[in-house]
2 protein chains.
Amino acid sequence: MSTISVLLVDDHTVVRSGLKALLGTQADIAVVGEAASGEEALEAAQEHQPAVVLMDLAMGAGMDGIEAIKQLRQRTPHQAIIVFTTYDSDADIVRAVDAGAMGYLLKDAAPEEIFAAVRGAVQGKSVMSAPVASRLFQQLRHPDEILTPREAELLSLLTQGLSNRDLGKRLFISEATVKTHLAHIYAKLGVETRAAAIATAIRREGMR
Amino acid sequence: MSTISVLLVDDHTVVRSGLKALLGTQADIAVVGEAASGEEALEAAQEHQPAVVLMDLAMGAGMDGIEAIKQLRQRTPHQAIIVFTTYDSDADIVRAVDAGAMGYLLKDAAPEEIFAAVRGAVQGKSVMSAPVASRLFQQLRHPDEILTPREAELLSLLTQGLSNRDLGKRLFISEATVKTHLAHIYAKLGVETRAAAIATAIRREGMR
DNA sequence: GGCCGTATCAGCCAAAAGGTGGAGAGACCA
DNA sequence: TGGTCTCTCCACCTTTTGGCTGATACGGCC
């Protein structure tokens, strides 16, 4: 069995250090590089040509993880990308998979789970944490609860605390249209008021 | 200089592993134990008698970090507790300090910052990340923006998406009183609508 | 005792949000 | 071509919310 080269991307030094220590215990896995931002990740992926990229989604300022994934897929499509993050929000999962992520792990994952994901990734296998899988499953069972792109956009602005009028101005649509979208969003989220929609969106959809 | 014994408390294996690796590079610091929950932390603190406890606030199910801090202060008051968490919400900071934390670090802190905090803690010095310090400073400069207990209680329910009527019923007060409290909350948070108040509360105050 | 902060309540009015029903245009697909 | 989805818009009406002013009551503090 040949060695699997891994690139770590996380803005937390502690997390990178921890992953390095854990992965270092495995004979068939070698960390060949680290990056603390999306920009650094692109460079490092080019330079070290890792087989697997372990990447956090939230990375402070600059390019976020999703964007980094997209660009990596374009530039070095042979590298498998595994998301390694704290949150399991629906929106993040879908966007990461859309962008081309091979796996989705949560930071509270057991070391064995991480090892398995890295080994699986090079064989083209998707590995994800149980909570993540169950969320995806949930979405498959209730496809009518998936927001349309426009609705998601509106919901995102809604969580900024904007009024219907402001939403209309921002999206260049009438207040009437805003209300229509909102009614659909409420139905899909299973709430009755904008207050509850915001609470649900921020907590469940991870719109922070 | 004698060795400083440290206990790590975090439900993420990766983070514990990372801290261990980083602290291991320092000759005067030794990790003597690890715990993945508040309950485990109390046991480990009793058993290993560390000089410093590095503790995460969010720990999945069971006892949360704040509660663990309080209990540690009672049982082993000679141990210095440093909070090591991802978030810098006002509410968390205040509660942690109230509970008896000596320091407050964010997970994106540089290794040197962590070392300094551990060394400072045994000498009775408070060390906190810059964003945390600036938040505390902010509160000192604007004491009139601190919510009263009743207002905080109401805001907490507000983030559940309740209407004024429901809030009144829940708190056994009239809708008029609810409106009065809300008006005060809006002023203190610097917002104009309930939507913005909810967004601010969940994001900034950490009411999740 | 007077002052201040907190919590409680009232009424009035304007603005915003939500519910209902309907409708047209464009995209996509079977 | 017909059906479905998405996005857009409108009118009408009810409910909710927010802004304003003012009031009472209790407890701590100087």
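A note on names: the letters A, B, ... follow the listed sequences, proteins ahead of strands, and every chain is numbered from 1.
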When the side chains of residues 75-84 of chain A are checked against the rest of the protein, which donor-acceptor pairs come out under 3.5 Å, sequence neighbours left out?
unit_1	atom_1	unit_2	atom_2	d
A:Arg75	NH2	A:Gln71	OE1	3.0
A:Thr76	OG1	A:Leu72	O	3.2
A:Thr76	OG1	A:Gln79	OE1	3.0
A:His78	NE2	A:Gln49	OE1	2.9
A:Gln79	NE2	A:Ala45	O	3.1

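Once you apply a 4.0 Å limit to the heavy atoms of chain A, the touched nucleotides of DNA chain D run 5' to 3' over D:dT6 to D:dC10.
In this structure, the side chain to side chain contact (heavy atoms under 4.5 Å, CB included) partners of B:Ser129, at least two apart in sequence or on a different chain, are B:Leu105, B:Leu106, B:Ala109, B:Glu113, B:Pro131, B:Val132. For B:Arg73, there are no salt bridge (charged side-chain N to carboxylate O under 4.0 Å, His left out) partners two or more places apart in sequence or in a different chain. In terms of the side chain to side chain contact (heavy atoms under 4.5 Å, CB included) criterion, residue partners of A:Ser174 (sequence neighbours excluded) are, by chain and number, A:Ala176, A:Thr177. In terms of the side chain to side chain contact (heavy atoms under 4.5 Å, CB included) criterion, residue partners of A:Thr148 (sequence neighbours excluded) are, by chain and number, A:Arg150, A:Glu151, A:Lys188. By the side chain to side chain contact (heavy atoms under 4.5 Å, CB included) test, B:Val127 pairs with B:Ala117, sequence neighbours left out.
Counting heavy atoms from C-beta outward, A:Leu158 and A:Ile185 have side chains that stay 4.5 Å or more apart.
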(message) Each nucleotide in nucleotides 18-30 of chain C should get exactly one letter: B, S or -. Can you fill that in based on protein heavy atoms under 4.0 Å?
(response) B------------
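The salt bridge (charged side-chain N to carboxylate O under 4.0 Å, His left out) contacts involving residues 52-61 of chain B comprise B:Asp56-B:Lys107, where partners must be two or more places apart or lie in separate chains. Contacts classified as salt bridge (charged side-chain N to carboxylate O under 4.0 Å, His left out) and involving residues 34-53 of chain B (residues at least two apart or in different chains) are given here: B:Arg16-B:Glu34, B:Lys20-B:Glu34.
Counting non-hydrogen atoms under 4.0 angstrom, B:Thr177 reaches a base of the nucleic acid. Among the atoms of the strands shown, only primed sugar atoms or phosphate atoms (P, OP1, OP2) are found under 4.0 Å from some heavy atom of B:Ser163.
Under the side-chain contact (heavy atoms from CB on, under 4.5 Å) rule, A:Pro50 has a single partner from A:Val6, A:Leu7, A:Leu8, A:Ile4, which is A:Leu7.
Atom CE in B:Met63 sits 11.0 Å away from atom NZ in B:Lys70 (nearest 0.5 Å). We find the CG-CG distance between A:Asp10 and A:Leu19 to be 7.0 Å, quoted to the nearest 0.5 Å.
A:Glu192 CD: 12 or fewer foreign heavy atoms inside a 6.0 Å radius.
Between the two ends of the helix from C:dG1-D:dC30 to C:dA30-D:dT1, each summarised by a five-pair axis, the helix axis turns through 40° (rounded to 10 degrees).
Using a 4.0 Å cutoff on non-hydrogen atoms, the parts of residues 165-176 of chain A near DNA chain D are A:Ile173, A:Ser174, A:Ala176, ordered by number.
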